[in-house]
Amino acid sequence: MTEIAVGVLAFFGTIFIFLAAVGLIRMPDTYLRISVTTKAATLGIGLLMLAAAVYFQELSITTRVMAIILFIILTSPVSGHLIGRTSYFSGVRLWKNSVMDDLDGKYQKHSQVLKSETDDTPENNLSHIRDAEEEL
Amino acid sequence: MTLIDFLYYFVIPVLTVSVLLIVVRFIKGPSIVDRVIALDLIITTGIGFIGTYSILTNQPAFLDVAMILALIAFLGTVAFSYYIQKRNK
């Protein structure tokens, strides 16, 4: 019975990690890739670690596994946010078929502050749409 | 089919194929941010490998390594994003 539970948990964990890898290959731009890897990989690792906890069935190992899962659940959104913010600043464009860009013109280029409204200093506002039009 | 067979013939090979796919993105990656994400995901998959091996070899001490590896993955991503952002300023 325990072996079946471990097998099912390991199966789904592996499938989710594989989906994260396929998403990393197939997704068209950087932001979608960040989205795929943070979600799918967190769930996959959580399930694989739970499989280890169910297999050993000891209090100390279950505590350790819970610490790993909690750590990954806490850190992966933070690192996803940081790397997404960095890629927006470093000028990585959205996919050409993206419908809208909510951050357009709201990040300040030099102070790196996010404002809630687009103000009237266009030379200081970070706008990928304007950059793309200037290149044409 | 026992659990050990399942882990040997399904989980480890599929994780290996995932790492190969991620390495393709690591080499191809148009921007440096894609490479940082790929590196992060390779380390995360490594945590999965360690969990599977701790079941296969019946050695729960390997899970400590997984914890440290999770810490290093997070610190690496934070450091990379900090320095990429600083370079663009």
Side-chain angles (χ1 to χ4, degrees), chain A residues 2-4 6-7 10-11 13-15 17-22 24-25 29-31 33-34 36-38 40-42 44-45 47-53 55-56 58 60-61 64-65 67-68 71-72 74-76 78-87 89-93 109-110 112, chain B residues 1-4 6-7 10-15 17-26 28-34 36-38 40-42 44-45 47-52 54-55 58 60 62-64 66-67 69-71 73-78 80-85 87-89:
Chain A
T2 312
E3 293 216 332
I4 294 171
V6 173
F11 174 77
T14 316
I15 287 298
I17 293 178
F18 182 70
L19 285 180
V22 172
L24 196 68
I25 289 284
D29 77 356
T30 307
Y31 305 100
R33 281 177 213 136
I34 295 171
V36 166
T37 55
T38 49
T42 307
I45 291 299
L47 288 176
L48 272 179
M49 285 290 142
L50 271 184
Y55 180 78
F56 288 113
E58 255 177 71
S60 63
I61 294 163
R64 216 177 296 168
V65 165
I68 296 173
F71 185 78
I72 288 175
L74 280 178
T75 58
S76 109
V78 175
S79 63
H81 167 77
L82 267 175
I83 202 76
R85 188 172 182 274
T86 304
S87 62
F89 272 120
S90 66
V92 177
R93 299 273 163 77
K109 207 178 276 176
H110 298 296
Q112 303 197 333
Chain B
M1 192 173 178
T2 60
L3 176 67
I4 301 296
F6 176 70
L7 292 180
F10 179 76
V11 174
I12 297 283
V14 172
L15 286 180
V17 172
S18 320
V19 169
L20 288 178
L21 289 177
I22 301 165
V23 165
V24 170
R25 174 55 72 192
F26 183 78
K28 235 168 69 173
S31 67
I32 190 167
V33 180
D34 291 305
V36 175
I37 303 164
D40 191 45
L41 196 57
I42 286 176
T44 313
T45 316
I47 299 171
F49 267 116
I50 291 171
T52 316
S54 76
I55 297 176
N58 213 357
F62 286 155
L63 292 172
D64 292 338
M67 196 184 262
L69 213 55
L71 192 75
F74 175 62
L75 285 180
T77 313
V78 170
F80 269 122
S81 62
Y82 178 74
Y83 283 112
I84 294 168
Q85 204 168 342
R87 191 185 64 178
N88 289 307
K89 212 168 183 178

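Proteins come first, then strands; the chains are lettered A, B, ... in the order of their sequence lines, and each starts at number 1. Computed from heavy atoms alone, side chains included, the values below leave out hydrogens, waters and symmetry copies.
One finds the OG1 atom of A:Thr38 at 9.5 Å from the CG atom of B:Asp40 (value rounded to the nearest 0.5 Å). Here A:Ile72 contributes atom CD1 and B:Thr44 contributes atom OG1; the two are 7.0 Å apart, rounded to the nearest 0.5 Å. Atoms CG and CD1, on B:Leu63 and A:Ile61 in that order, are 7.0 Å from each other to the nearest 0.5 Å. A distance of 4.5 Å separates CZ in A:Arg33 from CG in B:Asp34, rounded to the nearest 0.5 Å. Rounding to the nearest 0.5 Å gives a distance of 12.0 Å between OG1 of A:Thr86 and CZ of B:Phe80. Distance check: A:Tyr55 OH to B:Thr52 OG1 gives 12.5 Å after rounding to the nearest 0.5 Å.
In this structure, A:Thr30 and B:Ser31 approach most closely via the heavy-atom pair OG1-OG, 4.0 Å. Smallest separation of non-hydrogen atoms from B:Met67 and A:Ala67: CE-CB, 3.6 Å. Between B:Pro60 and A:Arg64, the shortest heavy-atom contact is O-NH1, 3.3 Å. Here the shortest heavy-atom pairing between B:Ser81 and A:Leu82 reads OG-CB, 3.9 Å. Taking each heavy atom of B:Ala66 and A:Met49 in turn, the nearest pair found is CB-CE, 4.1 Å.
For a residue to count as touching a neighbouring chain, one of its non-hydrogen atoms must lie under 4.5 Å from one of that chain's; by this rule B:Leu71 touches chain A with backbone and side chain alike. When heavy atoms are compared at a cutoff of 4.5 Å, B:Val36 approaches chain A solely by way of its side chain, counted from C-beta outward. Heavy atoms closer than 4.5 Å to chain A are found in both the backbone and the side chain of B:Ile47. Residue B:Ala73: no heavy atom, backbone or side chain, is found under 4.5 Å from chain A.
Interface summary for chain B: among A:Leu48, A:Leu47, A:Leu19, A:Ile25, the most heavy-atom pairs under 4.5 angstrom belong to A:Ile25. Ranked by heavy-atom pairs shorter than 4.5 Å toward chain B, the options A:Ile45, A:Thr75, A:Ile68 are led by A:Thr75. Considering only heavy-atom pairs separated by less than 4.5 Å from chain B, the leading option among A:Leu24, A:Val92, A:Ile15 is A:Leu24. Put simply, of B:Ile50, B:Leu7, B:Asp64, B:Val17, the one with the most heavy-atom pairs under 4.5 Å next to chain A is B:Asp64.
Within the 4.5 Å cutoff, the side chain of B:Asn58 has heavy atoms near those of the A:Phe56 side chain.
Test B:Val11, B:Thr45, B:Val19 against A:Ile17 for side-chain contact (heavy atoms from CB on, under 4.5 Å) and you get one pass: B:Thr45.
In this view, B:Ser54 satisfies the side-chain hydrogen bond (donor to acceptor under 3.5 Å, both in side chains) rule with no residue, not counting sequence neighbours. B:Arg25 meets the side-chain hydrogen bond (donor to acceptor under 3.5 Å, both in side chains) test with no other residue; sequence neighbours excluded.
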Between A:Val78 and B:Phe74, does the side-chain contact (heavy atoms from CB on, under 4.5 Å) criterion hold? Intermediate values first, please. CA-CA 9 Å; A:Val78 175; B:Phe74 175 62; 4.0 Å; yes
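Below 30°, between 30° and 60°, or above 60°: for B:Phe6 and A:Phe11 the angle between ring planes is between 30° and 60°, a tilted geometry.
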